[in-house]
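Single-structure report; data block below.
We're numbering straight along the sequence, starting at 1.
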Amino acid sequence: MRRWMMLALGTTAQTVACTFLYGLPYTSETLRRDNGLTLGQVGLLIACPTVGLVLTLVAWGALADRFGEREVITSGLAMTTVLLSLGSAVNGLVPLGVLLALAGAASASVSAASGRLVVGWFSARERGLAMGIRQTSTPLGMGIAALIVPTLAARSGVKGTVLFCAALCGVVAVLVGSLTSDPPRTVQSVAQEPAANPYRHAGLWRIHASSALLCVPQFAANAFAMVFLIDVRGWSAVHAGQLLVVSQVLGAVSRVVAGRWSDRVGSRVRPMRQLSVCIAVVMGATALGALWPSPVTDLAMIVACGITASTNGLAFTATAELAGRSWSGRAMGVQNTGQNLAASLTPPLLGGLIGSAGYAWGFMLAGVLAGAACFMIPTLEGGALPGSRQDVAAGSDELVQAARQKGKEKSPADLVPGGGTARGS
């Protein structure tokens with residue numbers, strides 16, 4: 001039961017961070033109306049948190065490896081709360097942008113450490129499902145932002161929206177700090193020498209590269225789905241938005257199903273490889289639908305928005321398992337950085353191709369890159385790199401059993417929550 005509470009807290013923390021990060025775009029019209037900004041200026045302001053996030057993910061991951069998940073998530077959310085509170089009080093868009101960038105940098109602590117928290121509390125047979133549930137935080141955060149932020153921004157302005165995000169982060173920081181505990185570790189594993197650098201082998205690099213490639217179809221579908229339905233199929237903006245809510249639900253479900261599937265087959269990379277082929281096929285069908293529009297085109301787009309999100313949890317779980325506990329925070333920071341960079345570059349670059357050659361060519365290129373990801377995904381099974389130490393803890397019972405198998409049975413007192421040093425709970 002305790003590990004499910006840790007999952008709930010980790011997912012909640014990530015959902016709140018996503019509400020802040022993805023809620024700001026819903027203030028665009030308010031920024032234009034109240035401040036007379038151009039779309040380019042609005043885009044620059046709402047991109048500030050993402051810039052801060054990308055720059056600090058690896059550093060927060062290293063801190064999680066050293067000090068543990070609870071300290072990192074709690075301190076990061078507390079810093080985000082303070083920075084956003086200051087942002088709601090300052091005058092001028094430049095100071096606001098700076099504070100938003102710093103708040104984004106602080107919120108990166110959640111992305112870097114919450115996945116590590118979830119992986120550490122679950123065994124290999126449940127880890128895929130757990131990470132799939134944690135990955136639903138992105139559509140959940142986007143959904144909360146879509147429901148609340150537009151109305152809040154219209155009534156209270158951008159500063160009211162920023163203050164709302166600060167309050168959410170503050171509440172969750174208190175919950176995480178008071179209720180969360182780091183995954184258990186043995187005294188022996190804490191005292192061992194640091195694990196060998198997992199980046200000496202190709203497995204992690206291939207996971208990072210393949211998941212970055214798979215971000216292209218994901219953000220191609222999600223970034224252009226609404227305008228595609230309006231331009232090609234003649235939907236109204238309101239009805240297209242309502243239809244795309246279904247795709248967000250489907251995206252959340254696909255992550256959970258993919259995680260459970262990986263638990264059942266005992267592999268993260270095999271389902272990831274098969275799903276990349278499915279994504280390539282669906283994006284190809286969407287490209288054909290752009291050339292010959294029909295009601296099937298609508299279905300292909302909704303399926304594309306859903307299935308392209310299915311591999312995210314698998315990639316993060318594989319990253320943590322390949323890196324081992326001593327490196328998982330840094331490795332997931334690198335993984336997150338690569339995905340965010342790919343996500344940031346996809347809309348403008350693919351948008352240029354779509355603008356000059358049409359939707360079909362843009363979606364076809366996304367499908368080709370998904371097919372290329374299939375060959376990039378490593379064939380390594382079991383989650384451990386050759387020569388690396390797989391010290392991801394999954395609960396007291398499993399640690400005790402592992403100790404018994406080595407002939408060195410541990411008492412419950414030998415099991416301590418892990419940062420980088422042995423300490424009491």
Side-chain angles (χ1 to χ4, degrees), residues 127-129 131-136 138-139 206-225 228-229 243-319 335 338-339 342-343 346 350 359-381:
R127 199 174 291 144
L129 173 62
M131 185 60 80
I133 293 173
R134 183 260 187 186
Q135 291 298 103
T136 62
T138 299
R206 292 178 66 175
I207 288 290
H208 295 332
S210 59
S211 60
L213 288 175
L214 288 169
C215 276
V216 176
Q218 180 182 351
F219 284 87
N222 284 279
F224 299 106
F228 174 77
L229 291 172
L243 183 64
L244 291 176
V245 171
V246 178
S247 72
Q248 292 296 326
V249 174
L250 185 59
V253 171
S254 71
R255 298 178 189 208
V256 176
V257 171
R260 181 56 180 157
W261 176 19
S262 73
D263 290 337
R264 292 182 66 88
V265 301
S267 171
R268 316 302 173 197
V269 294
R270 198 188 320 158
M272 191 174 170
R273 190 179 303 111
Q274 294 171 5
L275 284 169
S276 68
V277 175
C278 294
I279 290 169
V281 171
V282 171
M283 292 306 300
T286 307
L288 293 176
L291 293 174
W292 296 285
S294 71
V296 178
T297 303
D298 305 333
L299 177 62
M301 176 53 71
I302 297 305
V303 173
C305 289
I307 196 171
T308 53
S310 62
T311 60
N312 285 4
L314 299 178
F316 274 95
T317 309
T319 294
Q335 169 73 12
Q339 286 198 330
T346 295
L350 210 61
Y359 287 103
W361 285 102
F363 293 154
M364 187 61 70
L365 174 60
V368 169
L369 292 178
C374 175
F375 296 97
M376 181 63 67
I377 297 168
T379 58
L380 183 67
E381 300 292 346

Min side-chain heavy-atom separation Met283-Leu369 under 4.5 Å
no
Criterion side-chain contact (heavy atoms from CB on, under 4.5 Å) on Thr286 and Thr297, from CA distance to verdict
CA-CA 6 Å; Thr286 307; Thr297 303; 5.7 Å; no
Taking every non-hydrogen atom, the tightest pair across Val269 and Ile207:
CG1-CD1, 4.0 Å
Ser254 side chain vs Gly306 backbone, donor-acceptor pair below 3.5 Å:
yes
Give me the atom names and distance for the closest heavy-atom approach of Cys305 to Ser247.
CB-CB, 3.4 Å
Please report the closest heavy-atom contact between Gly313 and Met131, naming both atoms and the distance.
O-CG, 3.5 Å
Between CG of Leu129 and CZ of Arg264, what distance do you get to the nearest 0.5 Å?
11.5 Å
Looking at every non-hydrogen atom in both residues, tell me the closest pair between Cys374 and Ser276 and how far apart they are.
CB-OG, 3.2 Å
Could you grab the distance from atom CG of Leu288 to atom OG of Ser294, nearest 0.5 Å is fine?
10.5 Å
Using side-chain heavy atoms (C-beta onward) and a distance below 4.5 Å, is Leu350 in contact with Phe219?
no
Contact summary for Pro271 and Ser262, nearest pair of heavy atoms:
CG-CA, 3.9 Å
As a quick check of understanding, evaluate side-chain contact (heavy atoms from CB on, under 4.5 Å) for Gln274 and Trp261, giving each step before the final call.
CA-CA 11 Å; Gln274 294 171 5; Trp261 176 19; 2.9 Å; yes
Say you draw a straight line from CG of Leu214 to CD1 of Ile377; how long is it, rounded to the nearest 0.5 Å?
6.0 Å
Testing Thr319, Thr311, Thr317, Asp263 one by one against Arg268 for a side-chain hydrogen bond (donor to acceptor under 3.5 Å, both in side chains), which residue passes?
Asp263
The single option from Met272, Arg134, Gln339 that satisfies side-chain contact (heavy atoms from CB on, under 4.5 Å) with Asn312 is Gln339
Donor-acceptor contact below 3.5 Å, side chain Arg273 vs main chain Pro378:
yes
Which heavy atom in Gln218 sits nearest to a heavy atom in Arg255, and how many Å separate them?
NE2-NH2, 3.7 Å
